[in-house]
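What follows is one structure encoded as structure tokens, with my remarks underneath.
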2 protein chains.
Amino acid sequence: MDTSVAFSPRIERLLDQASSVCAERGSRLTDIRRLVLGLVLDRGRPSGAYELLDRLRENNRGAAPPTVYRALDFLLEQGLVHRIERLSAFVACTHALEHAHGCSDFHAAQFLICRHCGEVTELENRGISHALRAAGAEHGFHISASTIEAEGTCAACRAKPAGMDGPAESRQ
Amino acid sequence: MDTSVAFSPRIERLLDQASSVCAERGSRLTDIRRLVLGLVLDRGRPSGAYELLDRLRENNRGAAPPTVYRALDFLLEQGLVHRIERLSAFVACTHALEHAHGCSDFHAAQFLICRHCGEVTELENRGISHALRAAGAEHGFHISASTIEAEGTCAACRAKPAGMDGPAESRQ
DNA sequence: ACCCGTTCTGTTATAGAGTAACATCAAGGT
DNA sequence: ACCTTGATGTTACTCTATAACAGAACGGGT
């Protein structure tokens, strides 16, 4: 496998941080995992697994679906990426590397998905998570993971309504 | 197509109600759509599209993937079923037929998915929906649809922790 | 250095989810 | 009769995801 892939300095820095975070936890950010995380960060938008696979193959000819899915599973466990259910796609966690501690604890995020430009914004609103947790508890339900996603129009796309000029994969 | 399929009296009653609701709205609950809704109700748990297709074929030999997906799309539009994103599966809406009006307006529901027995409980907590809407608005984001799902352990399965006796498709 | 268990990766094959595109059919309206 | 609209039939595909097993690489203990 070609290990010499270079992302932008900013991303390389994030990858180094991610690597440290993993090491502290006793897990390893191997070359493949690092590369996949780099690709997700580099894209900056939701990435489909097979889209990542295609780009992965540029550096790792033998890559197959399990290669990507294993890497993604690891990154999800480490809280370094999130899966957007409504898109069957993956985004880098905005908060995992800001907070030194990572996202290993109960990290309940919310996602705002813009239909027009495809951008995804990650929120960390404790109120929403707690409200859901409380609503579950009322029914005797114990929540261990949750998915909270909203689809609509972001501020930028509302400002230029007919523009259709943003990079939109999923325009309808 | 064999139209003589009979579900339980309770389900047939629900189907008749659904049929009326559709008629009032100027849409039609055709035989196929009625059958698919019946199968979803009959199952009582999240149903995969191809699982529905298999059962659909027992009565409708020519059924193909588009047959089911078209029926499901219609039922989703009418608010008669919901899609559970975390499971890529469909459940009947608990509230659509209770309230005579159906779910055509902004119907923001939350789902509690039990990992052990596979049961899905539908909530209608306005507080959670509003909190999400408000959080979006703070970022200038206008929400038009949302997904709120929680995975964990239901009250019944917490009572019998080691039992493993419930019908669990997705036991891990 | 060696062995050994664990973890990671390679590889093949397949299951499951969803849609595109076009043909056909049925029901109502004029 | 004709035409429009909505619903279904049919074929073929793309995308998403996992099972199962083989092999390689790593890390710890002796």
Side-chain angles (χ1 to χ4, degrees), chain A residues 1-3 19 22-23 25-37 39-40 46-57 59-78 81-91 147 169-172, chain B residues 1-3 19 22-23 25-37 39-40 43 46-57 59-78 80-91 147 169-172:
Chain A
M1 166 178 173
D2 179 6
T3 262
S19 194
C22 288
R25 291 178 191 160
S27 62
R28 292 183 301 150
L29 189 69
T30 62
D31 284 348
I32 292 183
R33 292 165 178 174
R34 183 184 171 103
L35 181 47
V36 170
L37 179 54
L39 291 172
V40 173
S47 310
Y50 280 68
E51 180 189 336
L52 293 170
L53 177 56
D54 286 342
R55 296 185 59 193
L56 186 54
R57 279 204 238 253
N59 299 293
N60 188 340
R61 285 200 311 127
T67 314
V68 190
Y69 281 104
R70 284 167 185 156
L72 288 170
D73 284 347
F74 173 85
L75 297 170
L76 286 168
E77 270 170 28
Q78 300 295 319
V81 306
H82 293 290
R83 185 186 147 87
I84 308 297
E85 300 289 340
R86 288 179 81 102
L87 304 177
S88 294
F90 303 85
V91 294
T147 295
E169 281 72 33
S170 64
R171 187 168 285 153
Q172 50 177 9
Chain B
M1 166 178 177
D2 179 6
T3 262
S19 194
C22 288
R25 290 178 192 160
S27 62
R28 292 183 302 149
L29 189 69
T30 62
D31 284 348
I32 290 183
R33 293 166 177 174
R34 183 185 171 102
L35 181 46
V36 171
L37 179 54
L39 291 172
V40 173
R43 184 90 171 81
S47 309
Y50 279 65
E51 179 188 335
L52 292 169
L53 177 55
D54 285 342
R55 297 186 58 192
L56 187 54
R57 279 205 239 254
N59 300 291
N60 189 342
R61 284 199 312 127
T67 315
V68 191
Y69 281 104
R70 283 167 185 158
L72 287 171
D73 284 347
F74 173 85
L75 297 170
L76 287 168
E77 270 172 29
Q78 300 295 317
L80 294 166
V81 306
H82 292 291
R83 186 188 144 86
I84 308 296
E85 300 289 341
R86 287 179 82 101
L87 305 177
S88 294
F90 303 85
V91 295
T147 296
E169 280 73 33
S170 63
R171 187 167 287 151
Q172 54 178 6

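First the proteins, then the strands, lettered A, B, ... as listed; each starts at 1. The model shown is predicted, which means the values in this text are computed figures rather than measured ones.
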Point-to-point distance, once rounded to the nearest 0.5 Å, from [atom1] of [X] to [atom2] of [Y]:
X	Y	atom1	atom2	value
A:Phe90	A:Leu39	CZ	CG	13.5 Å
B:Leu37	B:Ile32	CG	CD1	13.5 Å
B:Leu75	B:Leu29	CG	CG	7.0 Å
B:Cys22	B:Glu77	SG	CD	10.5 Å

* Asked: Across the strands shown, which category fits A:Arg61 at heavy-atom distances under 4.0 angstrom: base, sugar-phosphate, nothing?
  -> nothing

Measure from [atom1] on [X] to [atom2] on [N] and round the result to the nearest Å.
X	N	atom1	atom2	result
B:Asp31	D:dG6	CG	C1'	15 Å
A:Glu51	D:dC15	CD	P	11 Å
A:Ile32	D:dA24	CD1	P	15 Å
B:Phe74	D:dG6	CZ	P	13 Å
B:Leu29	D:dG6	CG	P	18 Å
B:Asp54	C:dA17	CG	C1'	13 Å
A:Arg25	C:dT7	CZ	P	17 Å
B:Leu87	D:dT16	CG	P	18 Å

Extract from the structure each pairing of a protein N or O with an N or O of nucleotides 27-30 of chain C at less than 3.5 Å, listing the distance.
none

* **Residues in side-chain hydrogen bond (donor to acceptor under 3.5 Å, both in side chains) contact with A:Ser27, at least two apart in sequence or another chain** => A:Gln78

* Among all residues two or more places apart in sequence or in another chain, which pass the side-chain hydrogen bond (donor to acceptor under 3.5 Å, both in side chains) test with B:Arg55? ->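 Testing B:Arg55 for side-chain hydrogen bond (donor to acceptor under 3.5 Å, both in side chains), a comparison that skips the adjacent residues, returns B:Asp42.
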
Please list, pair by pair, any protein nitrogen or oxygen found under 3.5 Å from a nitrogen or oxygen in nucleotides 19-25 of chain C.
unit_1: C:dA21; atom_1: N6; unit_2: B:Arg70; atom_2: NH2; d: 3.4

* To do: Return the minimal non-hydrogen interatomic distance between B:Pro46 and B:Ala89, and the atom names on each side.
  =>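 For B:Pro46 versus B:Ala89, the nearest heavy atoms are CB-CB, 3.7 Å.
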
* Asked: Between A:Arg28 and A:Phe74, what is the shortest heavy-atom contact and its length?
  ->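 A:Arg28 and A:Phe74 have their closest heavy atoms at O-CZ, 3.4 Å.
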
* For the side chain of B:Ala64, starting at C-beta, report the closest nucleotide among D:dT10, D:dT8, C:dT9. => D:dT10

* Could you check which of D:dT8, C:dT9, C:dG18 has an atom nearest any side-chain atom of B:Arg83? =>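 The listed nucleotide nearest to B:Arg83's side chain is C:dG18.
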
* Between the axis at one end of the helix from C:dA1-D:dT30 to C:dT30-D:dA1 and the axis at the other (five pairs apiece), what's the angle to 10 degrees? ->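 Rounded value for the end-axis angle: 20°.
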
* With A:Arg34 via salt bridge (charged side-chain N to carboxylate O under 4.0 Å, His left out) - residues at least two apart -> A:Glu12, A:Asp16

* To do: Can you sort out the partners of B:Ser47 under side chain to side chain contact (heavy atoms under 4.5 Å, CB included), two or more places apart, ordered by chain and number?
  =>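 Applying side chain to side chain contact (heavy atoms under 4.5 Å, CB included) to B:Ser47 gives B:Arg43, B:Glu51, B:Leu52.
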
* Asked: With A:Ser88, which residues qualify under side chain to side chain contact (heavy atoms under 4.5 Å, CB included), at least two apart?
  ->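 Listed in chain order: A:Arg83.
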
* Asked: Within the structure, does a side-chain N or O atom of A:Ser88 lie under 4.0 Å from either OP1 or OP2 of D:dC15?
  -> no

Distance-only donor-acceptor pairs under 3.5 Å for side chains of residues 64-71 of chain B, two or more places apart:
unit_1: B:Thr67; atom_1: OG1; unit_2: B:Ala64; atom_2: N; d: 2.9
unit_1: B:Thr67; atom_1: OG1; unit_2: B:Ala64; atom_2: O; d: 3.0

